A.B. asks: 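Structure provided below as structure tokens; questions to follow.
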Amino acid sequence: MAEVEYNFAKIEEKWQKRWERDGLFRNRREDRPPFYVLNMYPYPSGVLHMGHFLNYTLGDVMVRYKLLRGYNVLSPIGWDSFGLPAENAAIRTGTPPHEFTEGNIARMRGQMRRAGWGFDWGRELATSHPDYYRWTQWFFLKFHERGLVVKKNAPVNWCSSCQTVLANEQVKNGECERCGSQVGQKDMNQWFFRLSAYAERLLAGHDELRGKWPDAVLAMQEEWIGKSEGAEVEFRIKETGEPIPVFTTRPDTLWGVTFLSVAPEHPLLEKLLPGSPRETEIREAIRGMRAGGTSAREQAEREKEGIFTGFHVINPVDGGVAPLWIANFALMSYGTGAVMGVPAHDQRDWEFAEKYGLAVRQVIRAPNASGPEAWPEAFTGAGEIVNSGPFSGEPDNFEAIPRIIEWLEAEGRGRRKTNYRLRDWLLSRQRYWGAPIPIIYCDRCGLVPVPEKDLPVLLPADIDFARGSGNPLARAKSFVDAACPACGGPGRRETDTMDTFVDSSWYHIRFADPRNDRACWDAAKAAKWLPVDQYIGGIEHATMHLMYARFFAMALRDLGLVDFSEPFTRLFCQGMVCKLAYRCDDCKWLPAEEVGIVGPGGDPVPEEEARTLFKRMENQGLDEAGLAAEGFRAVCARCGRPVRFEMTKISKSKLNIVDPDAIMDRFGADTVRLYMLSDAPPDRMQIWTEDGINGAWRTLTRLWRLVMEGLERISPPGTPIPATLDGVNRSLRRKTHQCVRKVTESIEGGYQFNTAIARTNELLNLLRGVRDQAHPAVMRETLEVVILALSPIIPHFADECWSRLGHSGSIFEESWPECDEAAAREEETEIPVQVNGRLRARLTVPPDLPPGELERRALSDSRIRDWLAGKTVAKVVTVSGRLVNILAK
RNA sequence: GGGGGCGUGGCGGAAUGGCAGACGCAGGGGAUUUAAAAUCCCCUGGCCGCGAGGCCGUGCGGGUUCGAAUCCCGCCGCCCCCACCA
């Protein structure tokens with residue numbers, strides 16, 4: 001007697017052990033082509049969240065699918081284990097960061113195994129282990145040798161809460177990406193990777209990635225690189241003769257310059273201001289401009305502000321004199337820090353000129369337009385060039401730009417220039433829990449790299465985190481004191497550590513050879529597996545990790561360490577996992593249990609009615625307005641204020657978390673996996689509902705019963721399918737093989753598991769209807785196809801069914817089913833017949849019926865003749881195998 | 001302001017030039033049950049009609065086409081990213 005209950009706990013544990021025992025994911029199939037699937041590795045926070053669950057399930061489904069497609073699959077996992085949370089925990093609790101981190105890793109490892117993800121645990125790595133960060137340090141030295149690392153003074157983003165500098169990419173809306181506090185500006189001497197030197201190559205690489213990476217990611221990177229072409233023109237200070245280069249994308253408006261503005265931190269000011277008559281007043285204004293809030297929100301709305309310096313500039317194109325201003329909108333970080341002001345043809349300059357009463361000089365004439373006096377704003381379109389020396393009269397100013405640049409170069413007044421918004425990557429952090437930068441400062445020799453043989457520079461263990469402030473490394477005398485490698489004299493170690501994005505810029509390559517202690521990796525092993533064939537992760541890394549890792553690959557290629565420049569051939573970005581969250585009007589998030597529903601009189605509705613309303617909120621999008629329309633209100637159980645609903649990413653702070661462990665306890669991993677993939681395409685937002693997970697459970701148990709009942713009537717494995725079958729069985733086989741084709745297309749066409757699951761559901765619905773008439777061999781075939789097709793998604797379930805169907809060995813050692821075209825061919829098709837574009841009848845015909853015959857049958861159909869009565873047929877459109885459209889008047 | 005994405009039932013979504021709403025959730029009805037849960041069967045875009053059936057319908061307005069959710073033009077709305085970038 002077959003076991004009727006679907007005992008997921010037993011089944012899942014059994015197969016996880018067996019896969020582990022048999023080394024299913026240890027890429028041992030050397031006879032097969034290699035395929036490298038990688039999920040972005042996690043930070044070991046200590047607990048898996050639903051976002052991880054979707055991410056790693058997707059990766060695992062791809063891994064298992066590729067196994068079935070006959071590849072030798074590499075599917076490694078590791079830990080992005082350096083970073084602030086561990087250090088903050090150490091300050092709070094006194095637990096050393098490595099202990100905290102190892103504990104978290106152990107816990108998450110357990111959760112991961114339980115979810116059934118097939119990782120090659122033999123390759124596990126953690127970036128905070130010395131045998132890993134030793135190589136992070138080694139790369140730093142190699143990059144340093146090549147001039148790709150520089151130490152320079154620069155205004156940097158400073159997070160006072162994290163007590164560290166941040167990369168531009170880590171500042172979101174002027175706030176620290178990690179802790180959310182306001183980021184300020186500070187001048188500091190810091191370490192940088194020369195990311196900007198790779199701007200053009202990073203951009204050029206997009207040609208290779210287009211179509212294989214999401215458009216949105218490429219667009220974001222393009223924007224971040226921010227290439228713009230124009231000219232650099234040399235203005236001069238009239239009073240001192242000092243040169244002042246200016247970048248412009250509009251050299252066609254050079255004759256319209258009526259002022260020039262520089263950034264408040266422009267170095268030229270230090271030469272001009274001392275002793276100048278308005279020095280104190282101007283310095284005061286500069287302080288005001290620099291002190292203003294740095295958040296982007298504030299900046300966007302910030303009023304344009306400036307002050308006249310008392311100095312003037314000479315325009316190189318015509319010798320004209322214009323006042324030199326300091327303006328808060330001029331940024332030292334872009335171009336040359338100096339902007340020419342052309343109010344007539346630039347909206348920002350227009351506003352500035354209007355505010356300070358500066359001159360407006362028209363140099364482009366709009367087609368049939370009046371002069372600038374009558375304009376409500378700057379004219380930025382194309383027109384005829386006027387008042388511009390040799391170029392006056394040119395009909396299209398944009399087309400004249402290249403000729404103007406040539407003229408500037410010929411005359412020695414400027415030159416062609418391409419500018420990028422991309423900044424160098426600030427890699428140093430004033431924190432303990434990161435890879436120490438391997439540099440020693442010596443009073444005699446200066447800045448000395450740590451010799452390779454002395455790597456790794458280990459993090460000291462004897463740190464008292466609970467006491468003191470700032471970087472704990474700077475307080476560790478045993479660490480700081482070090483002999484100069486060059487002269488042997490006393491030296492001081494660099495106490496900054498590296499941004500954790502340095503660690504994650506090369507981990508994907510280390511996975512090819514993770515235990516190598518003589519080199520970062522063996523070249524042959526790296527060449528075998530890399531680049532990563534399929535990378536999977538969140539889109540939030542578009543301009544950070546994904547840009548840095550590309551830069552690293554290019555730099556490593558230049559060092560001769562790898563043979564590719566693009567590390568990730570294909571990229572897939574999964575959507576967010578969202579769930580309804582509740583917010584009380586005083587801006588506090590509430591757990592669902594603390595939301596009450598009251599009726600028109602203000603008294604609570606009965607519990608059962610409330611439950612129904614909550615269900616409708618979850619499942620039918622019932623919102624505050626809908627609730628109000630029915631006379632109800634949602635209120636905070638604590639303070640009685642109104643509660644608003646918001647569909648938002650599952651997170652601790654929004655109090656809408658779903659604990660993966662608790663869900664796996666109730667339903668098992670396979671149910672969660674099925675649910676996560678069955679509703680929406682995986683790159684879209686996924687909405688978590690209680691009913692949704694129940695539905696997936698129902699689907700699985702129904703399938704389980706169907707298979708268990710089927711076991712009693714199907715033929716043994718390997719029984720051939722009879723050559724002649726009745727209509728029901730021919731039809732079942734046809735749908736079975738069509739299902740194979742459609743599922744394969746759904747997966748290959750962009751991992752659309754939702755439609756793949758829909759296709760197997762259709763087949764199962766059909767099988768349930770005809771199972772009493774199904775031939776034992778045909779029924780086996782159908783069940784096996786469904787189990788195989790779903791196996792990447794519900795692996796434990798599938799392997800258990802597979803073995804109960806009488807197979808030995810794991811289903812993942814089988815091959816993906818193939819569509820038998822002969823069996824899948826339709827015997828007859830239904831052809832819609834339209835009259836004047838409206839569906840009026842359906843004909844059942846053989847699929848290969850010639851168009852002429854199809855047309856004849858359509859016209860002679862009785863229903864169609866009724867519709868055509870009293871009309872004349874003007875034209876008949878016949879698409880063979882698809883439809884007939886009759887045009888009649 | 002710029003860039004990317006999206007707009008289809010009560011909800012998630014399917015259909016990428018040819019039968020709109022696959023598959024699922026929620027809802028309704030029935031069977032089973034002492035009852036409930038679970039399970040099984042049927043119905044479920046709107047309007048009209050006893051019914052056969054008809055009409056309307058993919059954000060709005062126009063266009064191309066025998067035929068448009070799908071392609072083109074113009075609007076409206078939502079989400080995400082960047083944003084005083086010279």
Side-chain angles (χ1 to χ4, degrees), chain A residues 172-173 214-224 226-228 230 246-250 253 260-261 263 296-297 299-305 327-331 333-342 346-349 351-352 419-421 539-540 542-543 576 612 615-622 626 647 675 678-681 683-687 689-696 698-699 701-702 705 742 746 752 754-762 764-765 768 830-842 874-879 881-888:
Chain A
K172 296 273 139 116
N173 284 331
D215 288 341
V217 174
L218 294 179
M220 279 186 241
Q221 290 205 354
E222 241 158 71
E223 201 164 60
W224 198 257
K227 179 177 182 170
S228 60
V246 169
F247 174 73
T248 178
T249 54
R250 293 291 305 276
T253 62
L260 196 130
S261 18
R297 255 192 305 280
Q299 276 187 22
E301 264 101 67
R302 203 201 288 177
E303 178 79 5
K304 287 174 191 24
E305 261 179 60
N328 64 346
F329 63 77
L331 308 171
S333 55
Y334 186 78
T336 63
V339 197
M340 64 189 216
V342 187
D346 181 278
Q347 187 55 30
R348 187 191 50 201
D349 296 346
E351 285 164 25
F352 192 76
N419 236 313
Y420 300 91
R421 242 140 87 181
I539 200 161
E540 65 274 14
T543 51
M576 289 189 298
T612 311
K615 255 184 107 160
R616 286 175 56 204
M617 293 176 210
E618 264 205 348
N619 292 311
Q620 304 184 22
L622 179 68
M647 187 57 72
Y675 174 45
S678 60
D679 258 15
D683 52 349
R684 278 201 227 176
M685 177 178 82
Q686 309 291 315
I687 294 173
T689 66
E690 192 64 16
D691 284 314
I693 184 80
N694 275 320
R698 200 153 46 226
T699 303
T701 48
R702 264 159 56 92
R705 278 195 302 273
K742 288 174 180 167
S746 285
Q752 293 167 53
N754 58 327
T755 49
I757 291 164
R759 298 291 87 86
T760 56
N761 276 340
E762 281 171 32
L764 288 170
N765 289 345
R768 284 196 182 92
E830 237 184 30
I831 301 287
V833 180
Q834 300 178 334
V835 175
N836 292 330
R838 287 167 176 280
L839 177 72
R840 295 304 181 194
R842 293 188 177 88
K875 190 179 173 187
V876 181
V877 180
T878 305
V879 185
R882 296 232 72 131
L883 99 166
V884 178
N885 189 6
I886 301 159
L887 302 163

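Quick note on labels: first sequence line is chain A, next is B, and so on, each numbered from 1. Here the structure is a predicted model, which means the values were calculated and not measured.
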A.B. asks: Mapping A:Arg840 and A:Asp215 to their closest nucleotides on RNA chain B, which lands nearer the 5' end?
C.D. replies: A:Asp215
A.B. asks: What distance, rounded to whole Å, do you find between the two P atoms, one in B:C11 and one in B:G45?
C.D. replies: 14 Å
A.B. asks: Using a heavy-atom cut-off of 4.0 Å across all strands, would you classify A:Ser678 as base, sugar-phosphate, or nothing?
C.D. replies: nothing
A.B. asks: For A:Arg768, report the nucleic acid contact type (base, sugar-phosphate, nothing); a contact means any heavy atom under 4.0 Å.
C.D. replies: nothing
A.B. asks: Need one value for A:Ala330: base, sugar-phosphate or nothing, where a base atom within 4.0 Å counts as base even if backbone is also close, heavy atoms only.
C.D. replies: base
A.B. asks: Between B:G1 and B:A22, how far apart are the P atoms? Round to whole Å, please.
C.D. replies: 41 Å
A.B. asks: If I take atom CD1 from residue A:Ile886 and atom OG1 from residue A:Thr878, how far apart are they, to the nearest 0.5 angstrom?
C.D. replies: 8.0 Å
A.B. asks: Which part of the nucleic acid, if any, lies within contact of A:Asn765, taking any heavy atom under 4.0 Å across all strands shown: a base, the sugar-phosphate backbone alone, or nothing?
C.D. replies: sugar-phosphate
A.B. asks: Using a 90° cut-off around 0 for syn, call B:G13 syn or anti.
C.D. replies: anti
A.B. asks: Kindly indicate whether the side chain of A:Glu223 and the base of B:G2 share any N or O donor-acceptor pair separated by less than 3.5 Å?
C.D. replies: yes
A.B. asks: Taking atom C1' of B:C66 as reference, at what distance in whole Å does atom CG of A:Leu883 sit?
C.D. replies: 9 Å
A.B. asks: Output the rounded distance in Å from CD (A:Glu351) to C1' (B:G1).
C.D. replies: 11 Å
A.B. asks: Rounding to a whole Å, what distance do you find between A:Glu222:CD and B:G2:P?
C.D. replies: 17 Å
A.B. asks: Tell me the interatomic distance from A:Arg759, atom CZ, to B:A14, atom P, rounded to whole angstroms.
C.D. replies: 10 Å
A.B. asks: Using OP1 and OP2 only, check whether a side-chain N or O of A:Arg838 sits under 4.0 Å from B:G18.
C.D. replies: no
A.B. asks: Does the side chain of A:Arg705 get closer than 4.0 angstrom to OP1 or OP2 of B:C40 through an N or O atom?
C.D. replies: yes
A.B. asks: Starting at atom CG of A:Leu622, determine the distance to atom P of B:C11, rounded to an integer number of angstrom.
C.D. replies: 11 Å
A.B. asks: Please state how far atom CE in A:Met576 lies from atom C1' in B:C81, giving the value in whole angstrom units.
C.D. replies: 12 Å
A.B. asks: Let's test your reading of the model: under 3.5 Å, does the base of B:C84 pair with the side chain of A:Lys304 as donor and acceptor?
C.D. replies: yes
A.B. asks: Between the main-chain N or O of A:Glu690 and the side-chain N or O of A:Asn694, is there a donor-acceptor pair closer than 3.5 Å?
C.D. replies: yes
A.B. asks: NA contact type, A:Pro681, heavy-atom cut-off 4.0 Å: base, sugar-phosphate, or nothing?
C.D. replies: sugar-phosphate
A.B. asks: Suppose we call a contact any N or O donor and acceptor under 3.5 Å apart; does that hold for the side chain of A:Arg250 and the base of B:A86?
C.D. replies: no
A.B. asks: A:Leu218 has an atom CG; how far is it from atom P of B:G5, in whole Å?
C.D. replies: 11 Å
A.B. asks: Taking B:U44 as the reference, what is the distance to B:G10 when you measure between their C1' atoms (whole Å, please)?
C.D. replies: 11 Å
A.B. asks: Can you give one letter per nucleotide of nucleotides 25-33 of chain B, going 5' to 3': B for a protein heavy atom under 4.0 Å from the base, S for sugar-phosphate only, - for none?
C.D. replies: SSS------
A.B. asks: At 4.0 Å (heavy atoms only), tell me whether A:Asn885 reaches a base, stays on the sugar-phosphate, or touches nothing.
C.D. replies: base
